[in-house]
Amino acid sequence: MRTVMALLVGAASLIGVVVVGTIAATVLLATPEGEVTTAYLAANLGVSFLAAAGAGYVTVQLAPSRPMIHAAGLAALIVVLSIGSGSQPAPGQPSWYPLLMPLLGLAGVAIGAVMSERRRRARRDA
């Protein structure tokens, strides 16, 4: 049960941060006509990466055992969720954008998971 909770909380944190960040970027950085700007794309990429890193960190902290396996499960979930959105960019997005998003997600989860695992070990060894 704790395994499922670790993955659900990690995924929920990722989705929550991305949704809030995307809304904020849209309000602050899109044109009044709703056109996507370079600043919006950069902000959305940054928020997505940080959200993935945070999700990887949280998932590892909550994992009852084998935390890196839990992080891999979160990474697999990101890949599965990206399959549908990766085929066609949204209006105004460059063609590379939906391909880069899952890669940033995977990198973010990996970095967050490693940072979290180091913290777990440091607490355990203290």
- [ ] Would you confirm whether S82, through its side chain, and I78, through its main-chain N or O, come within 3.5 Å as a donor-acceptor pair?
- [x]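 At least one qualifying donor-acceptor pair exists.
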- [ ] Could you tell me whether a side-chain N or O of T59 sits under 3.5 Å from a main-chain N or O of G56, the two making a donor and an acceptor?
- [x] no
Interatomic spacing from [atom1] in [X] to [atom2] in [Y] - rounded to 0.5 Å:
X	Y	atom1	atom2	answer
T37	L28	OG1	CG	10.5 Å
T3	M5	OG1	CE	11.5 Å
T31	Y40	OG1	OH	11.5 Å
R124	E117	CZ	CD	6.0 Å
L8	L74	CG	CG	10.5 Å
L104	L50	CG	CG	10.0 Å

Connected via hydrophobic side-chain network under 4.5 Å: [X] and [Y]:
X	Y	answer
V27	V20	no
V109	M68	no
I23	I15	yes
L45	V36	yes
L29	Y97	yes

Closest contact, heavy atoms only, [X] versus [Y]:
X	Y	value
Y57	R119	OH-CD, 2.7 Å
P98	Q93	CD-OE1, 4.3 Å
L14	S48	CD1-O, 4.5 Å
S65	H70	O-CE1, 2.9 Å
A71	A113	CB-CB, 3.5 Å
A55	G10	CB-O, 3.2 Å

Task: Crowding at CZ, R121 (>12 non-hydrogen neighbours, <6.0 Å) - done: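 Incorrect, the count does not exceed 12.
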Task: Single hit among L100, N44, I111 for side chain to side chain contact (heavy atoms under 4.5 Å, CB included) with F49 - done: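 By the side chain to side chain contact (heavy atoms under 4.5 Å, CB included) criterion, F49 pairs with just one of L100, N44, I111: I111.
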